2 protein chains.
Amino acid sequence: MDSKRKLLTPEREEIILAELGEEAKTISELSLKLDVSEATVRRDLLSLEEQGKIKRVHGGAVKMKFSEHEPVFNEKESIRPEEKERIAKLALGLIEDKDTIYLDGGSTVLALAKILGAKKSLTVVTNSLMAAAELMESGHSLIIVGGKFRPLSRTLVGPLTAKIIETLHVDKAFLGTIGFTIEDGISTTDADEAFTKELILKRAGKAILLADSSKLGKKSFAVSGSLSDIDVVITDSSLSSAFARELKKKGIEVLT
Amino acid sequence: MDSKRKLLTPEREEIILAELGEEAKTISELSLKLDVSEATVRRDLLSLEEQGKIKRVHGGAVKMKFSEHEPVFNEKESIRPEEKERIAKLALGLIEDKDTIYLDGGSTVLALAKILGAKKSLTVVTNSLMAAAELMESGHSLIIVGGKFRPLSRTLVGPLTAKIIETLHVDKAFLGTIGFTIEDGISTTDADEAFTKELILKRAGKAILLADSSKLGKKSFAVSGSLSDIDVVITDSSLSSAFARELKKKGIEVLT
DNA sequence: ACCAAGCTTGCATAATATTGCATAACATGT
DNA sequence: ACATGTTATGCAATATTATGCAAGCTTGGT
């Protein structure tokens with residue numbers, strides 16, 4: 001079993017994933033198997049956790065359980081699943097254990113909700129029933145913002161959402177959007193939806209926009225806040241460099 | 001059982017869940033099986049309870065009835081589906097088109113949510129995500145009360161629910177319960193849940209309790225309001241006539 | 001009211017994680 | 001080939017977490 005040749009990081013990660021496929025493994029088991037120090041195994045596991053592929057626990061790690069629970073709210077097919085997933089993984093890297101975060105509606109943010117199992121002891125506030133369904137059994141503390149239900153996005157929106165949002169503060173807010181431009185910032189098709197987004201922008205320590213590049217430069221009907229409310233934009237690699245430059249000029253961090 | 005190495009926390013938890021799937025287990029049984037101290041078993045059980053997966057009882061633990069893997073819509077594990085359905089139909093008769101109603105958690109109220117399609121232009125306020133899922137595409141206007149998510153009942157509970165409930169008024173509130181006695185009225189296992197029930201009782205024109213006869217005379221931990229807050233009780237036919245007489249004496253309408 | 005069994009809490013200890021740092025391996029440009 | 005900066009790895013000191021044990025309190029049954 002033990003090959004002489006030294007294994008590269010991605011090879012080790014592959015093996016780790018395969019091992020974890022069957023059952024949980026301890027650090028020492030993996031260290032022995034891979035013939036590297038436990039410190040290195042920990043670093044590998046850390047990296048895999050950042051990618052949302054595994055969950056570290058005291059003493060070892062387990063594979064992420066794709067909670068294949070019943071679709072309380074059945075899901076529509078998302079258009080670019082792999083890009084959304086990549087964006088979600090970048091967003092995951094911004095979250096620390098014990099954070100209080102806000103999750104907005106939209107399929108990209110939903111992709112983030114699905115991999116939140118990699119973190120511990122989060123307090124998640126959301127207006128998205130899809131995200132809520134995803135997190136029901138995550139073990140994280142879950143707070144749902146009340147309000148009028150908007151069937152199209154399956155989110156809670158409108159003036160009533162202010163009642164709860166205004167009493168809370170979140171460390172990081174992850175928002176989705178329909179359109180995003182330099183001039184107007186984020187915009188959506190529904191005024192109530194925009195209203196709620198604006199509320200949470202004010203209550204968030206850090207506002208993080210998740211938007212695949214198809215949203216950039218597009219403008220929709222109802223505008224929420226301004227560009228200056230956004231701290232970070234996470235998007236995919238087909239972002240034009242001109243757009244990226246503009247954002248950075250405004251002091252917005254860009255991750256791709 | 002090859003106890004070759006130390007088990008990781010999630011492994012233990014998984015085994016515990018599997019064991020409980022069959023029947024209730026005592027702490028000492030689990031301690032023996034997992035080869036850890038009883039203190040550790042208790043900590044594991046505590047964690048599982050926080051996740052809403054089990055319920056701890058004196059001497060051991062049992063699996064939660066509303067367990068994660070159970071499909072929401074085939075919630076046939078409800079103990080008496082046909083009686084709940086009959087109760088729901090009676091409740092439906094109290095609802096008029098264009099009413100504003102409140103739906104509480106619990107399987108009996110959920111049965112009512114499932115047949116609300118028979119009515120038109122309702123405004124439905126609820127703290128139950130199960131009911132919300134049911135009504136998502138019903139065409140009725142849907143308002144969800146925000147708050148802390150309680151996995152056990154899949155409802156929103158606690159102080160935050162007050163933020164929205166207190167700004168609303170509903171014509172009729174349909175409540176479920178764990179226990180119902182002449183002395184104390186309705187009672188549940190969770191203080192936050194009780195708190196929210198009490199709130200809605202104050203904001204409802206008419207409070208209607210849906211309770212199959214197994215709930216009557218039973219008393220649980222946390223009491224919500226008093227008997228005088230209830231206007232109507234809908235139950236099944238195996239209600240004792242003595243109990244019915246007591247209720248009528250207090251001015252409560254009884255439907256069976 | 002009593003007792004035994006079970007629960008909670010605080011604490012000591014062992015196991016595991018994290019961090020900083022030194023070194024080795026690697027890549028890059030000259 | 002060499003020097004140089006970068007990354008990966010291992011090691012060790014320190015911090016954190018999990019576990020078991022024991023004292024005191026609570027529960028449930030008689």
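Every chain is numbered from 1, with letters handed out A, B, ... down the list of sequences. Note: hydrogens, waters and symmetry copies are ignored here, and every other heavy atom, side chains too, is used. Just so it is clear, the structure is predicted and the values come from calculations on it, not from any experiment.
The two residues B:Val62 and B:Ala24 come nearest to each other via the heavy atoms CG1-CB, 3.3 Å.
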Could you write nucleotides 17-28 of chain D as a row of B, S and -, 5' to 3', where a protein heavy atom under 4.0 Å of any base atom gives B, of only sugar-phosphate atoms gives S, and otherwise -?
-> SSBBB-----SS
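B:Arg42 has its CZ atom 15 Å from the C1' atom of C:dG10, to the nearest Å. Atom P of nucleotide C:dT16 and atom CG of A:Leu46 are separated by 18 Å, given to the nearest angstrom. Rounded to a whole Å, the CG atom of A:Leu34 is 16 Å from the P atom of D:dA8.
B:Thr161 and B:Thr196 share a side-chain donor-acceptor pair at under 3.5 Å. A side-chain donor-acceptor contact under 3.5 Å links B:Thr40 and B:Ser37. Side-chain N/O atoms of B:Thr126 and B:Ser128 include no donor and acceptor closer than 3.5 Å.
No more than 12 heavy atoms of other residues, nucleotides or ligands shown are found within 6.0 angstrom of NZ on B:Lys163.
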